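Sequential numbering from 1 along the given sequence is applied to the chain's residues. Because the structure is a prediction, the values reported are computed rather than measured.
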Amino acid sequence: MAGGAAVTAAVLLVAVPGSATAATGQFRYSYTTADGYEAVGFLRDPDSGQCTNLTPPASEPGSASRAPKNHTDATATVFLGTDCEGDTYYVLPPGKGASDRLLVRSVIFS
């Protein structure tokens, strides 16, 4: 009987997919490069519950990305601060975006 329980536990471990903890879709944002060009960054199928610092625009130290668009199936919370810290944040439901005025440096998906 103990052998059957061990096999059942092993099957349960194998049956849990790793992708269940990822948002499906793409998160996009705009930024200005060091050469002054407009660029678009994106995260594809980002991990849920893990803070991601967005690719920093190289034009100036301390500058932020902008205009986030959440084309994932999860809620994205974007922060003005790095490491998903600070009092300035905005919640983007799936399929929603924000204007160029919203500056962001990090994002976490739930």
Residues in side-chain contact (heavy atoms from CB on, under 4.5 Å) contact with Gln50, at least two apart in sequence or another chain:
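For Gln50 the side-chain contact (heavy atoms from CB on, under 4.5 Å) partners, ignoring immediate neighbours, are Asp47.
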
Please report the closest heavy-atom contact between [X] and [Y], naming both atoms and the distance.
X	Y	value
Tyr31	Val40	CE2-C, 4.0 Å
Ala23	Ser48	N-OG, 3.6 Å
Phe42	Tyr29	N-CE2, 3.8 Å
Thr24	Asp73	N-OD1, 2.8 Å
Pro68	Val104	CG-CG1, 4.1 Å

Tell me, please, which residues at least two apart from Thr72 pass side-chain hydrogen bond (donor to acceptor under 3.5 Å, both in side chains).
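Scan of Thr72 (side-chain hydrogen bond (donor to acceptor under 3.5 Å, both in side chains), adjacent residues dropped) gives Asn70.
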
Report the residues that fulfil side-chain hydrogen bond (donor to acceptor under 3.5 Å, both in side chains) with Arg66, sequence neighbours left out, ordered by chain and then residue number.
Thr32, Glu38

Has the side chain of Lys69 got a donor or acceptor atom that lies under 3.5 Å from a matching backbone atom of Ala98?
yes

Under 3.5 Å, which donor-acceptor pairs do the side chains of residues 81-94 form with other protein atoms, sequence neighbours left out?
unit_1: Asp83; atom_1: OD1; unit_2: Asn53; atom_2: ND2; d: 2.9

Can you get from Leu102 to Ile108 by hopping between Ile, Leu, Val, Met, Phe, Trp and Tyr side chains that sit under 4.5 Å apart?
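Per the 4.5 Å side-chain linkage, Leu102 and Ile108 are not co-clustered.
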
Nearest 0.5 Å, what's the CD-NE2 distance between Gln26 and His71?
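If I round to the nearest 0.5 Å, the distance is 7.5 Å.
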
Any side-chain heavy atom of Phe27 sitting closer than 4.5 Å to one from Thr52?
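Side chain of Phe27 against side chain of Thr52, heavy atoms only: no contact under 4.5 Å found.
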
Quick one: hydrophobic cluster around Leu103, which other residues, with the 4.5 Å side-chain cut-off, linked directly or via members?
Leu80

